[in-house]
A.B. asks: 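Below is one structure. I have some questions about it.
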There are 2 protein chains.
Amino acid sequence: MSSGSVAILGLGPGDPAQRTPEVEAALAVATDLIGYFPYVDRIPDRPGLRRHASDNRVELDRARHALQLAAVGARVAVVSGGDAGVFAMASAVFEAVEHGEASWRALDIQVLPGISAMFAAAARVGAPLGHDFCAISLSDNLKPWAVIEQRLRAVAVAGFVIALYNPLSRARPWQLGAALELLRQALPGDVPVVFATAVTRPDERITILPLRDADPALADMRTLVMIGSAATRVLERPGGMRPWVYSPRGIASS
Amino acid sequence: MSSGSVAILGLGPGDPAQRTPEVEAALAVATDLIGYFPYVDRIPDRPGLRRHASDNRVELDRARHALQLAAVGARVAVVSGGDAGVFAMASAVFEAVEHGEASWRALDIQVLPGISAMFAAAARVGAPLGHDFCAISLSDNLKPWAVIEQRLRAVAVAGFVIALYNPLSRARPWQLGAALELLRQALPGDVPVVFATAVTRPDERITILPLRDADPALADMRTLVMIGSAATRVLERPGGMRPWVYSPRGIASS
C-alpha cells in the first residue's frame, strides 16, 4: 500500500496574500510539484522538492505523470493559477483517472480550492458578479466554436453576467472579437465590459468600457473579461478615481 | 477628510484554513464588524473591535450602516461567508452607495475575495465545475420566479453545469423541488446532482444522486446544490469510498 497522494491546488491570481493556508500547508509537504511553468515558478525552491514544469496544452500528460508518481509513493502537488477546478488541472486529473489504471481510483486525491481569477477580478472593480452569472471558456481547442456561440447567446438573452476565460492566444486570435460582436447583437451597447489583466500582480491592468466600444486588443492570455447584464451599473466617482461596477442583487417584479 | 474605510470580506466556507491572509489582515485592523450574525460570530473578540451583528434579509440597512460608520472615520469590515461578491454583501454595499450620500463615492471601499461556497463544494467532490458553468440564486425574494425558471431552462439546455445558491428556507419551501422538476424535463435523468451542506465544517454532509432521484429534503439553508451537465461523470471508487464527480474539459466536435 502506497502512502502517495495528489493535492490539486489553486494558487489564486498571483498575490500570495490571496493564497489559503490550506494550500500553503500542502505545498510545504509536497515532494513533487507539477504544473504549467509560470505556476510552478511561483513556488520557491526548497530541499526535497522536485519540480516538473511543463508547457501549456499538455494537461493530460501532466495529470498522468502526477498519478504515476503518487502511485509509487510521492506526495504530488499539481498547481494551477486561480482555482484548480475552474478551467484548470482538477478536471484533467480526474479525466486521467477515469481512463487510466484501475488502481488510481484508490489514490488519495484532494482538490484544494483557490481564489479564482473571476472573483479576484470582480473584487477589484466592485461586484459585477452580484447576481446570476456564468463562466465560459472561449477556447475552441476543446469544444466546437458553434457550442460557444450558442452558450453565449443563451446566457446573454437570459440576463446572466458573463465571465470569459481564455479570451485569446496567439493560436486563437479572432474568437474574442467574434464573441463581443455576437454579444452586441443580444445586449444593449451600454452594458459595461471589464478587461482585467494580471490581477494583483505588479502589471495589473483594468479597463472598463461600454460593450459598444469593447476592443479585443485590450485582452491577452492573462485577461479575464466580464460582460455585464442589462442590469449592471457603473458608479462614477470623483477626482478621477476608477468607477465601481456592480450588478444589483434583485430584479423588480413587472 | 476622514480616514475611514470599508473592507467587504469573504470569510470562505468555514474552515479558517481556507481564509486568505489578506482577509485576516483586514480583520486584524478593523474597528467595526458588520454582517449576518453567524458570520460575525466566526470572528474572535478583541479589544477595540465593535460588533454589529444583524439578522438575515437586512442587507441594505447593514450596508448603509457600514458606509455611515466609515464616513465618520471607522475602519469597517463587512463580513460574508464564501466570497463577498457572490450573492452576498458586496453588491448590497454598492447599491447603498449608488442611492446614498454623494460623499460615499469618495470613500475607501475594498472588496477582498474569499473561497466561494461553490468552489469549496466542487473541490470536495472532484471537479464538477470543470467546464462552462453558472451560478443561480433560487431566492425569489429579489427576482420573479418566472425569471429563475427561464434562466434554469436556458443554461440546462445550453450544457452548463449549474450551481444553485439559496436553494430553500422556511419562507421558501417549494422552490428547489420546482427547479429540480424543471431540470428533469431538460436533462437526462442520470445527470449527477451534488448536495453539499456546511462544507469544511464539523457537520459537513455531501450526497451525490442522479437527477431522477434528487430530493429537495436533502437541502437546507447551508446547502449548495450542483447539477451536472449531460457530460458530467461519476467515477466509482473501491472500498466504499465516495465517488468523484467531474465535468470533462472538452466536447468532441461532431
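Any value given below was found using the heavy atoms of this structure, including those in side chains, with hydrogens, waters and symmetry copies removed. Residue numbers begin at 1 in each chain, while the letters A, B, ... track the order of the sequences.
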A.B. asks: Is the shortest heavy-atom distance from the side chain of Val93(A) to the side chain of Tyr246(B) under 4.5 Å?
C.D. replies: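 With C-beta onward as the side chain, the pair stays apart.
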A.B. asks: Taking Ala92(A), Pro113(A), Ala127(A) one by one, which has the highest count of heavy-atom pairs under 4.5 Å against chain B?
C.D. replies: Pro113(A)
A.B. asks: Tell me, do Met118(B) and Leu129(B) make a side-chain contact under 4.5 Å, heavy atoms counted?
C.D. replies: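 Result yes, sub-4.5 Å side-chain heavy-atom pair found.
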A.B. asks: Heavy-atom pairs under 4.5 Å with chain A: which of Phe133(B), Phe87(B), Tyr165(B), Trp145(B) has the most?
C.D. replies: Phe133(B)
A.B. asks: Does the side chain of Ile136(A) come within less than 4.5 Å of Val155(A)'s, by heavy atoms?
C.D. replies: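 Yes - at least one pair of side-chain heavy atoms lies under 4.5 Å apart.
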A.B. asks: For Met89(A), is it the side chain, the backbone, both, or neither that has a heavy atom closer than 4.5 Å to a heavy atom of chain B?
C.D. replies: neither
A.B. asks: Please tabulate, for the side chains in residues 224-241 of chain B, all donor-acceptor contacts under 3.5 angstrom to protein atoms that are two or more places apart in sequence or on a different chain.
C.D. replies:
{"unit_1": "Ser229(B)", "atom_1": "OG", "unit_2": "His131(B)", "atom_2": "NE2", "d": "2.9"}
{"unit_1": "Ser229(B)", "atom_1": "OG", "unit_2": "Ala231(B)", "atom_2": "N", "d": "3.0"}
{"unit_1": "Thr232(B)", "atom_1": "OG1", "unit_2": "Ser229(B)", "atom_2": "N", "d": "2.9"}
{"unit_1": "Thr232(B)", "atom_1": "OG1", "unit_2": "Ser229(B)", "atom_2": "O", "d": "3.4"}
{"unit_1": "Thr232(B)", "atom_1": "OG1", "unit_2": "Ser247(B)", "atom_2": "OG", "d": "2.9"}
{"unit_1": "Arg233(B)", "atom_1": "NE", "unit_2": "Glu98(A)", "atom_2": "OE1", "d": "3.2"}
{"unit_1": "Arg233(B)", "atom_1": "NE", "unit_2": "Glu98(A)", "atom_2": "OE2", "d": "2.8"}
{"unit_1": "Arg233(B)", "atom_1": "NH2", "unit_2": "Glu98(A)", "atom_2": "OE2", "d": "2.4"}
{"unit_1": "Arg237(B)", "atom_1": "NE", "unit_2": "Arg105(A)", "atom_2": "O", "d": "2.8"}
{"unit_1": "Arg237(B)", "atom_1": "NH2", "unit_2": "Arg105(A)", "atom_2": "O", "d": "3.4"}
{"unit_1": "Arg237(B)", "atom_1": "NH2", "unit_2": "Leu107(A)", "atom_2": "O", "d": "2.9"}

A.B. asks: Using a cut-off of under 4.5 Å for heavy-atom pairs, which of Val245(B), Val86(B), Leu112(B), Asn141(B) has the most such pairs with chain A?
C.D. replies: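 Top count of heavy-atom pairs under 4.5 Å with chain A: Val86(B).
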A.B. asks: Heavy-atom pairs under 4.5 Å with chain A - which of Gly130(B), Ala123(B), Gly250(B) has more of them than the others?
C.D. replies: Ala123(B)
A.B. asks: Answer with side chain, backbone, both or neither: which region of Val125(A) has an atom nearer than 4.5 Å to a non-hydrogen atom of chain B?
C.D. replies: neither
A.B. asks: Using a 4.5 angstrom heavy-atom cutoff, name the option from Gly159(A), Ala90(A), Ser116(A), Ser91(A) with the most pairs to chain B.
C.D. replies: Ser91(A)
A.B. asks: Which atoms of Ala135(A) come close to chain B, meaning under 4.5 Å heavy atom to heavy atom: side chain ones, backbone ones, both, or neither?
C.D. replies: both
A.B. asks: Any non-hydrogen side-chain atom of Leu152(B) less than 4.5 Å from a side-chain atom of Leu164(B)?
C.D. replies: yes
A.B. asks: Which one wins on heavy-atom pair count under 4.5 Å against chain B: Asp132(A), Leu142(A), Ile115(A), Asp83(A)?
C.D. replies: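 The residue among Asp132(A), Leu142(A), Ile115(A), Asp83(A) with the greatest pair count is Asp132(A).
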A.B. asks: Answer yes or no: is there a side-chain heavy-atom contact under 4.5 Å between Leu176(A) and Leu138(A)?
C.D. replies: yes
A.B. asks: Please look at Phe119(A) and chain B and tell me whether the side chain, the backbone, both or neither of the residue comes under 4.5 angstrom of a heavy atom of that chain.
C.D. replies: both
A.B. asks: Which answer fits Val161(B), side chain, backbone, both or neither, if we ask what part of it has an atom under 4.5 Å from a heavy atom of chain A?
C.D. replies: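 Neither part, no heavy atoms under 4.5 Å.
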A.B. asks: Is it true that a side-chain atom of Arg42(A) and a backbone atom of Gly81(A) form a donor plus acceptor pair closer than 3.5 Å?
C.D. replies: no
A.B. asks: Quick check on Ile8(A) against chain B: is it the side chain, the backbone, both or neither that has a heavy atom closer than 4.5 Å?
C.D. replies: neither
A.B. asks: List the atom pairs, donor and acceptor, that lie under 3.5 Å between side-chain atoms in residues 11-30 of chain B and the rest of the protein, sequence neighbours left out.
C.D. replies:
{"unit_1": "Asp15(B)", "atom_1": "OD1", "unit_2": "Ala17(B)", "atom_2": "N", "d": "2.8"}
{"unit_1": "Gln18(B)", "atom_1": "NE2", "unit_2": "Glu22(A)", "atom_2": "OE1", "d": "3.1"}
{"unit_1": "Gln18(B)", "atom_1": "NE2", "unit_2": "Glu22(A)", "atom_2": "OE2", "d": "3.4"}
{"unit_1": "Thr20(B)", "atom_1": "OG1", "unit_2": "Val23(B)", "atom_2": "N", "d": "3.2"}
{"unit_1": "Glu22(B)", "atom_1": "OE1", "unit_2": "Gln18(A)", "atom_2": "NE2", "d": "3.1"}
{"unit_1": "Glu22(B)", "atom_1": "OE2", "unit_2": "Gln18(A)", "atom_2": "NE2", "d": "3.4"}

A.B. asks: Select one option (side chain, backbone, both, neither) describing which atoms of Ile109(B) are under 4.5 Å from chain A's heavy atoms.
C.D. replies: both
A.B. asks: So do Val111(A) and Phe94(A) actually touch side chain to side chain, heavy atoms under 4.5 Å?
C.D. replies: yes
A.B. asks: Of all of Gly85(A), Ala122(A), Gly126(A), which one pairs up most often with chain B through heavy atoms under 4.5 Å apart?
C.D. replies: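 Winner by heavy-atom pair count: Gly126(A).
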